[in-house]
Amino acid sequence: MAGFDKVVSSYEEAMAGLTDNMTVIAGGFGLCGIPENLIAEIKRKGTKGLTVVSNNCGVDDFGLGILLPNRQIKKIIASYVGENAEFERQMMAGELDVELTPQGTLAEKMRAGGAGIPAFYTATGVGTPVAEGKDEREFNGRDYILEESIVGDFAIVKAWKADRYGNLVFRKTARNFNPMAATAGKITVVEVEEIVEPGELDPDQIHTAGIYVDRLILGNFEKRIEQRTTRPSTTQGEK
Amino acid sequence: MALSREQIAQRVAQELQDGFYVNLGIGIPTLVANYVPEGMEVMLQSENGLLGMGQFPTEEEIDADLINAGKQTVTMATGASIFDSAESFAMIRGGHVDLTVLGAFEVDVNGNIASYMIPGKLIKGMGGAMDLVAGADNIIVTMTHASKHGVSKLLNNCSLPLTGKGCIKKVLTDLAFIEIKEGKFHLLERAPGVSVEEIIKLTEGELIVAGDIPEMIF
């Protein structure tokens with residue numbers, strides 16, 4: 001690496017410095033747009049006691065779910081979980097600490113964390129278990145709760161394309177939490193399907209600026225589909 | 001006769017208006033997309049970052065990078081746009097979505113809704129439901145009126161942990177279309193062939209029945 005060139009050549013180098021008990025923010029929604037190879041590298045490293053911040057926790061043998069069998073995750077902050085058997089077992093046995101967070105609050109916690117905003121008020125969760133222990137305040141006749149932002153020791157992100165400077169372009173709904181995650185890591189590591197030279201991406205079309213990115217690696221992706229739903233190709237389908 | 005899942009969706013679809021941006025929850029709400037009236041344009045918002053959700057893809061069109069909030073593969077409608085999760089919830093929390101349709105376990109006379117957790121059972125999480133009920137003004141809850149054992153789900157007070165407080169104004173069950181205001185349920189319409197008495201019997205919270213209650217028309 002030199003100057004603004006963020007490209008690293010191995011996954012080992014990409015995740016160097018990740019140690020036990022750190023907080024890792026991961027992009028992705030379900031299995032869509034997850035940094036699958038960076039997760040696999042965390043499994044390989046065997047780092048333990050992690051606090052993981054992600055909308056979901058993968059499935060049994062893919063995504064963040066692969067960190068469960070060796071008990072690498074101590075706590076997960078997520079909006080929707082339990083799509084795998086081992087997760088359910090660990091959660092019910094009290095081996096895994098789960099902090100359920102509304103999806104929009106989770107996204108905003110990352111966005112605010114990356115933007116240097118320590119906390120924000122939101123109407124989401126007022127009067128629900130989410131509000132317990134949180135400061136409540138009225139603005140313009142409506143109640144809001146105070147939610148604290150999140151910064152990770154590491155953020156792991158999947159983008160579609162990047163230039164060597166770490167300017168990122170995401171593809172379709174694989175964008176999801178990735179842009180916010182990218183801003184909220186003390187060290188942000190991004191894996192992509194294609195790396196081009198600086199100047200090749202249209203600056204107007206860049207979703208995440210390279211300033212947020214510390215390390216960039218070219219990966220091969222399985223891109224597993226969680227719910228394969230189709231319509232027959234013979235019908236025209238409804239409007 | 002109690003409404004089928006499809007009929008519930010069909011009745012909700014009558015509440016759509018041309019030019020509406022709509023978020024449909026998982027389950028019955030998803031079926032509403034099949035009953036958009038002819039000649040009407042609505043755009044479906046999927047909270048994982050898609051406005052203008054299209055139909056399911058053909059086998060050839062499947063794209064792992066294009067899913068809906070239920071994690072199903074989808075396509076994009078003409079004029080669709082893609083954005084990140086913070087932006088998606090800015091739309092929802094900022095009150096920009098015209099109609100939200102979602103399911104529930106219970107609602108009560110104060111407009112409280114419980115839809116995400118049954119203590120003692122596996123808790124999967126609220127996903128975007130808490131943001132949706134807190135951010136939207138126009139929400140329709142679809143649910144069955146009572147359990148299989150005849151226990152009402154339209155209550156004086158929700159018994160389960162809440163998804164949102166004081167945010168529900170309209171409920172469409174398999175038996176009735178109900179409005180919630182001033183701490184009471186108000187019966188607007190009944191399912192074809194279902195009597196007012198039957199609805200009263202299966203509604204725990206106070207139900208106001210004013211005048212003749214029309215049957216739903218399909």
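Convention: sequence-line order gives letters A, B, ...; per-chain numbering from 1.
- Within a 6.0 Å sphere centred on CD of A:Glu148, heavy atoms belonging to other residues, nucleotides or ligands number 12 at most.
- Contact annotation for residues 169-184 of chain A against chain B (heavy-atom separation below 4.5 Å, listed by residue number): A:Arg171, A:Lys172, A:Thr173, A:Ala174, A:Arg175, A:Asn176, A:Phe177, A:Pro179, A:Met180.
- Among the candidates B:Lys124, B:Lys165, B:Glu59, B:Glu47, the residue making the largest number of heavy-atom pairs closer than 4.5 Å to chain A is B:Lys124.
- A distance of 13.5 Å separates CE of B:Met76 from CD of B:Gln55, quoted to the nearest 0.5 Å.
- By the 6.0 Å contact criterion, OH on B:Tyr21 is open, its count of non-hydrogen atoms from other residues, nucleotides or ligands being 12 or less.
- Proximity of a side-chain donor or acceptor of B:Thr73 to a complementary backbone N or O of A:Thr229 within less than 3.5 Å is detected.
- Summarising the geometry of A:Phe62 relative to A:Glu222, their closest heavy-atom pair is CE1-OE1, 3.3 Å, with the distance given to 0.1 Å.
- Residue contact with chain B, scored on non-hydrogen atoms closer than 4.5 Å, is absent for A:Asn55.
- Here the shortest heavy-atom pairing between B:Gln45 and B:Phe83 reads NE2-CE1, 4.3 Å.
- Here B:Ser85 is the residue among B:Gly128, B:Ser85, B:Gly49 with the most heavy-atom pairs under 4.5 Å with chain A.
- Summarising the geometry, atom CG belonging to A:Asp60 is positioned 8.0 Å from atom CG belonging to A:Leu68; distances are rounded to the nearest 0.5 Å.
- Note that CD1 of A:Ile206 and CG of A:Asn167 are 4.0 Å apart. Values are rounded to the nearest 0.5 Å.
- Put simply, of B:Gly164, B:Gly54, B:Ser46, B:Ala69, the one with the most heavy-atom pairs under 4.5 Å next to chain A is B:Ala69.
- Comparing B:Ala80, B:Ala86, B:Gly166, B:Gly127 by how many heavy-atom pairs each has under 4.5 Å with chain A, the most go to B:Gly127.
- Neither the backbone nor the side chain of A:Met110 comes within less than 4.5 Å of any heavy atom in chain B.
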- What's the verdict on side chain to side chain donor-acceptor pair (under 3.5 Å) for A:Gln90 and A:Glu86, showing C-alpha distance, side-chain angles and the deciding distance? CA-CA 6 Å; A:Gln90 289 189 16; A:Glu86 180 59 15; 2.8 Å; yes

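- The greatest number of non-hydrogen atom pairs below 4.5 Å with chain B, out of A:Cys32, A:Gly33, A:Ala78, is found for A:Cys32.
- Counting only heavy atoms from C-beta outward, the side chains of A:Cys57 and A:Val98 never approach each other to under 4.5 Å.
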- Would B:Thr203 and B:His145 satisfy side chain to side chain donor-acceptor pair (under 3.5 Å), going step by step from the backbone distance to the final call? CA-CA 8 Å; B:Thr203 307; B:His145 206 98; 2.7 Å; yes

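- Of residues 87-112 of chain B, those residues lying under 4.5 Å from chain A by any heavy-atom pair are B:Phe89, B:Arg93.
- Rounded to the nearest 0.5 Å, atoms CD1 (B:Ile62) and CD1 (B:Ile67) are 12.5 Å apart.
- Per-residue counts of heavy-atom pairs under 4.5 Å with chain B were compared for A:Val126, A:Ile225, A:Thr105; the largest is that of A:Thr105.
- Neither the backbone nor the side chain of B:Leu132 comes within contact range of chain A, judged by heavy atoms closer than 4.5 Å.
- The number of heavy-atom neighbours closer than 6.0 Å to CG of A:Leu146, taken from other residues, nucleotides and ligands shown, is above 12.
- Contact tally against chain B (heavy-atom pairs below 4.5 Å) for A:Thr101, A:Leu31, A:Asp143: the top residue is A:Thr101.
- Between chain A and the options B:Thr163, B:Asp84, B:Leu162, B:Leu50, heavy-atom pairs under 4.5 Å are most frequent for B:Asp84.
- At most 12 heavy atoms of other shown residues, nucleotides or ligands fall within 6.0 angstrom of atom CG in A:Asn220.
- Ranked by heavy-atom pairs shorter than 4.5 Å toward chain B, the options A:Arg224, A:His207, A:Glu83 are led by A:Glu83.
- The choice from A:Pro102, A:Gly127, A:Pro129 that makes the most heavy-atom pairs within less than 4.5 Å of chain B is A:Pro102.
- Not one N or O on the side chain of B:Thr173 forms a donor-acceptor pair closer than 3.5 Å with the backbone of B:Thr144.
- Between the side chain of A:Glu88 and the main chain of A:Ala85, no donor-acceptor pair closer than 3.5 Å is present.
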